[in-house]
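Bear in mind that the values here come from a model prediction, so they are computed numbers and not experimental data. Below, chains carry the letters A, B, ... as their sequence lines are ordered, and counting in each starts from 1.
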2 protein chains.
Amino acid sequence: MSKTTLVSLAESLGVSRQTVSNVINAPHRVKPETRMRVQHAIVESGYRPSAAARQLRTRRSMNFGIRMMPVVDGINGSILDRFLHALTEAAQEEGYRVTLFCADTDAGEIRQYEELLKVADLDGFVLTGTHHGDHRTAWLLEHGIPFAAFGRPWSSIEDPFGSLHPWVDVDGGAGTEQATRTLIEQGHTAVGFLGWPGGSGAGDDRRAGWARAMRAAKLPTDSLDIQADDGVPAGAQGAEQLASKGATAVVCASDSLALGALAKLRQLHPEQASPALIGFDDTPVAAAVGLSSVSQPTEDAARHIVAVLAHQLAGSSSPHGDEEPAPERHLLLPPTLIQRTPYSFSSST
Amino acid sequence: MSKTTLVSLAESLGVSRQTVSNVINAPHRVKPETRMRVQHAIVESGYRPSAAARQLRTRRSMNFGIRMMPVVDGINGSILDRFLHALTEAAQEEGYRVTLFCADTDAGEIRQYEELLKVADLDGFVLTGTHHGDHRTAWLLEHGIPFAAFGRPWSSIEDPFGSLHPWVDVDGGAGTEQATRTLIEQGHTAVGFLGWPGGSGAGDDRRAGWARAMRAAKLPTDSLDIQADDGVPAGAQGAEQLASKGATAVVCASDSLALGALAKLRQLHPEQASPALIGFDDTPVAAAVGLSSVSQPTEDAARHIVAVLAHQLAGSSSPHGDEEPAPERHLLLPPTLIQRTPYSFSSST
DNA sequence: TTGTAGGCGTTATCAG
DNA sequence: CTGATAACGCCTACAA
């Protein structure tokens, strides 16, 4: 019982291999009767076309590449899990496979593009963590390689005409804005922002959302804006500064910062069980300690990225087709504010 | 400037394509002089052999498959990130690529094996989360598919002769044993264990380590062994029970449980800043809240898995070879106890 | 509607 | 030590 191939199948059916191929790739050109017969034989035999042979002929691998970023902060990195899972799942459903690769730098990533395109004929790439002056998008555009980014183009350098390539992103600013508004509605008038130093696209975006909400409520923002490198200790320190400036509530650019802030605020105000504090990313940590957080629709983003990429690839090969409605090439998804109260640990038996 | 191939390269050098192929796959059979010349031309032109063509011919894809488990508990799942990264990196260094796939169940995973073997000629698989009566290992063994598992075979059902397949695992029992011993050395005589219900290989293993340490110190274990489903709330509840039984320190089977326990113990004993508590897995959460935890050498495990798998695959194709020393087929790695003190948040300026 | 011919880039086999 | 020839499994023409 060796492996079934197009030929072996055709022989055993008394048709030409071409007919079998047509049944698979262009069913409409085969007489219904024989089509049925062949299709039946296909499932019967468990036949599956060889990707290698197909790839050799068509120069398409039905394969996406995505880079594993070096693990930096496990807290924020852990949303990648969900993203990757959703991405793989969606790709699988569209008939694509996902190939992983590693690179330490963006330049290394570009080198991997070259390599993978040459040896594995990858059909496209999924980018994450786009930033100002991203060379990767420029390179891919320049070489005409299909790709989609999780993260919008943050500057006009790599994308002078705006939105040259498909991307999906989460509207971080809307998230912090909503978070801030919520705190204001709860009666806070001095809501501080604890974010990263300026220059990072996502960070500035989140800061802007906070500022918008404050302005809308005609509240002052002076000295309520703290810049800190990401991390728990920095969060604690930042929270202390904010407290000393009179802030009674804090919106953070990450759960790491928020976690530090949480501990510090509890220390400063042991009397109040749940400090007015909102993190970002809704990482498992936030859920674990009962921290409110802005949740990114990671899975939706992943699915849409696959949809865009797949559509792009399908479109270029089947020129006739207006079958599927084109998915948005640029999509800004709204995040969700997850409100929690820190665990009370009521002594339930 | 179209893509360089074996032929185009051979032509431009005035040799046969076979010679070029030999330079790549069997350098020793080519006269040093021409070999050098060809090698030079190869780097010069940036030529890379086509994986598809190679795969078609050799039936090997230089590709591993690994399943993305459905995301359950982000806390414990986040170590997967590190594992995956290390795995990909190691594979890349050995010339392999990593293909991701999804499955909701073990049966689904097996179905994917079949599919991926047929269409993509995957050379082998990496398994994670092995458990009692694992059908996956049985299937792979039965079909002679190369694979290596992160996790030992937990019962003799799927591996009646013991260790039929390569695996790498972390000695969880040694971890909890060390953790327990450490707490005993700190003066505790009633160290409780907060673990999962019996039946899971890893869980029982961790419990056994705690019991060993207690016995070795001639301390009683009665009513100090709590079984709780994984999760933060369950951890808090379990810690309460343990406290009521007189436990003064707790070793946990996971960071999730430990996190719940931490909060509960702090609530019960506000006076002591850092409860005697040790978690398991050293997840980012543990690091974030300053929780001591048993750390698994995930990266080492991943690297070794690749080494074993690659060796196995190379061995079967180059029968002459005693080049590389064979990596251990079964490896039990010792974990490390990471000792932390919960953040004090000293008001440093 | 179906069949035939050729080739995608490689490696294996077997002559020179 | 080198080169010609024949696959590997599939798809895209084109011919019947």
Going from OG1 on A:Thr298 to CZ on A:Arg82, what distance comes out if it is rounded to the nearest 0.5 angstrom? 4.0 Å

Rounding to 0.5 Å, atoms OG1 (A:Thr128) and CD1 (A:Ile66) come to a distance of 5.5 Å

Working to the nearest 0.5 Å, report the span between CZ of A:Arg59 and CG of A:Leu117. 11.5 Å

Salt bridge check: are B:Arg54 and B:Asp121 linked by an N-O gap of less than 4.0 Å? no

Contact state string [nucleotides 5-14 of chain D, B base, S sugar-phosphate only, - no protein heavy atom under 4.0 Å]: BBBBBBBB--

Please list, in numerical order, the residues of residues 28-45 of chain A that have a heavy atom closer than 4.0 Å to any atom of DNA chain D. none

Within this structure, what is the OG1-CZ distance for the pair B:Thr88 and B:Arg97, rounded to the nearest 0.5 Å? 12.5 Å

Heavy-atom side-chain contact between B:Leu122 and B:Phe101 under 4.5 Å: no

Indicate, with yes or no, if the rings of B:His131 and B:Trp154 have centres closer together than 6.0 Å. no

Could you tell me whether B:Phe125 and B:Tyr113 have their ring centroids closer than 6.0 angstrom? yes

Strictly below 4.0 Å, N to O, side chains only: are B:Asp106 and B:Arg67 in salt-bridge contact? yes

Atom pair CZ/OG1 of B:Arg29 and B:Thr19 - distance to nearest 0.5 Å: 12.0 Å

Its 5'-most and 3'-most nucleotides having an atom under 4.0 Å from a non-hydrogen atom of chain A, DNA chain C is contacted over C:dT1 to C:dG9

